[in-house]
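So you know, we letter chains A, B, ... as the sequences are listed, proteins then strands, and number each from 1. Not measured: the values here are computed from a predicted model.
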There are 2 protein chains.
Amino acid sequence: MKVNLNQLKEEFKKYLKRKNMKITQSRLDLIDLLASYGKHFEVEELVNWVSSRTDRRVSRSTIYRTIKLLQEFGAIKEVIKQNNRTIYEFVVGKPHHDHLVCVECGRIIEFVNEDIENLQDEVCKEYDFEPMNHRLEIFGICSDCRRKNI
Amino acid sequence: MKVNLNQLKEEFKKYLKRKNMKITQSRLDLIDLLASYGKHFEVEELVNWVSSRTDRRVSRSTIYRTIKLLQEFGAIKEVIKQNNRTIYEFVVGKPHHDHLVCVECGRIIEFVNEDIENLQDEVCKEYDFEPMNHRLEIFGICSDCRRKNI
DNA sequence: TATCTTAATGAAAGTCAATCTCAATCAGCT
DNA sequence: AGCTGATTGAGATTGACTTTCATTAAGATA
Ligand SMILES: [Mn+2]
Ligand SMILES: [Mn+2]
Ligand SMILES: [Zn+2]
Ligand SMILES: [Zn+2]
């Protein structure tokens, strides 16, 4: 579960070189920032958080561009699409998992279920479909919110 | 699988009365149109299609408002959220199912898997989470597109 | 049926996430 | 240090969706 940040950055540098892209300070900074954020996040939230750490400014444009890049690289995933908001997660060093989303308080519960994963693979085989990624979102009411509502 | 449209409309009328809302021509027309559309759809697509049938004009605003209403009523579901587009489906008379989405050609394959559904319920029990609805989207490449790419 | 009250509608304006544009800057090769 | 092309930031733009508000229609009442 522990991420070797330096190793990750080295891999990212190789990835950038392979794509003839430049290793810039902004890109490396964002990896650091994302690795230390430790929560599911929305881009706008990240923009604010990054600009609050005044050490070095990174523009909104660059943050959007780098998030897309890190998604292709595989360090970040879109985990929830609700209303018209996208919630992301830094997934390096985290095993794959899916999410329960409380529609009342927004709480996000992570779960792992190997059986569901295997069944998905079976379904894909059945339809001769090559899966690349998936998103299972279960929307409902968490225990805390149910207790409050009584 | 066969939907009794009149019965559906009667239920929708009751639903509207319960909510002190009016039974309007636009609302009834949209149920007819949606029931006859027979495909997954995006709102903008529906707006165009509806306005191409010149029998009676319904504005974009009303279409958006009615789609939201029909979602609450349960006749329509958001089935895919990708990029910043939402794909809907008229679900009356259709058993619950999930989707494989080809990221190359946009093809949507529907599948039913009771085992996955049951496992989801188990997960929810485990976390004392009351599920309301869920969305399982598997993104990948369909067989046709894989053949083309060889 | 005519009248009245209130919800629904349409057109246009507004919102908001995300993308694009382009001049200035930076990475990194020589 | 100088060169070349990728990257950046600020602001403009897009596109899906929502809101506003004057007008219209539903449907209850008499
Ligand atoms: Mn997660
Ligand atoms: Mn479907
Ligand atoms: Zn909750
Ligand atoms: Zn395809």
Check your understanding: Do the rings of Phe111(A) and Tyr127(B) sit parallel, tilted or perpendicular, given the 30° and 60° boundaries?
Key ->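 Ring orientation of Phe111(A) relative to Tyr127(B): tilted.
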Review point. Looking only at side-chain N and O atoms, does Tyr64(B) come under 4.0 Å of OP1 or OP2 in dT18(D)?
Key: no
Check your understanding: Are any of Ser59(B)'s side-chain N or O atoms less than 4.0 Å away from OP1 or OP2 of dT9(C)?
Key -> no
Exercise for review: Could you tell me whether Lys39(B) sits above the aromatic face of Phe41(B), with NZ or CZ closer than 6.0 angstrom to the six-membered ring centre and within 45 degrees of the axis?
Suggested key: no
Review point. Are Phe12(A) and Phe73(A) near enough that their ring centres are under 6.0 Å apart?
Key: yes
Check your understanding: Does the gap between the ring centers of His134(A) and His99(B) come in under 6.0 Å?
Key -> no
Interatomic distance where [atom1] belongs to [X] and [atom2] belongs to [N] [whole Å]:
| X | N | atom1 | atom2 | answer |
| --- | --- | --- | --- | --- |
| Glu44(A) | dT15(C) | CD | C1' | 13 Å |
| Leu30(A) | dG9(D) | CG | C1' | 14 Å |
| Ile63(B) | dT18(D) | CD1 | C1' | 15 Å |
| Leu16(B) | dA8(C) | CG | P | 8 Å |
| Asn84(B) | dT15(C) | CG | C1' | 14 Å |
| Glu78(B) | dA16(D) | CD | C1' | 12 Å |
| Gln82(A) | dC17(D) | CD | P | 15 Å |
| Glu45(A) | dC16(C) | CD | P | 17 Å |

Point to revise | Residue met sooner reading DNA chain D from 5', once Asn20(A) and Arg56(B) are mapped to nucleotides | key: Asn20(A)
Revision key, fill the gap. Note: for Lys17(B) and Glu42(B) on DNA chain D, the residue whose nearest nucleotide lies more 5' is Glu42(B)
Categorize [X] for me: base, sugar-phosphate, or nothing, with a 4.0 angstrom heavy-atom threshold over every strand shown.
| X | value |
| --- | --- |
| Thr24(B) | sugar-phosphate |
| Lys68(B) | sugar-phosphate |
| Arg57(A) | sugar-phosphate |
| Ser61(B) | base |
| Arg27(B) | sugar-phosphate |
| Lys19(A) | nothing |

Exercise for review: With the side chain counted from C-beta on, respond yes when Asp32(A) and Leu28(A) share a heavy-atom pair under 4.5 Å apart, and no when they do not.
Suggested key: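 No, side chains not in contact.
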Point to revise | Beyond-backbone contact of Tyr88(B) with Glu45(B), side-chain heavy atoms, under 4.5 angstrom | key: no
Point to revise | Nearest to side-chain heavy atoms of Ile23(A), which nucleotide of dA18(C), dG28(C), dT9(C) | key: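 My answer, after comparing the listed nucleotides, is dG28(C).
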Exercise for review: Could you work out which one of dT9(C), dG9(D), dA25(D) sits closest to the side chain of Arg65(B)?
Suggested key: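 Side chain of Arg65(B) sits closest to dT9(C).
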Check your understanding: More 5' along DNA chain C: Tyr88(A) or Met21(B), using each one's nearest nucleotide?
Key -> Met21(B)
Check your understanding: Any donor-acceptor pair under 3.5 Å between the side chain of Arg60(A) and the base of dG11(D)?
Key -> no
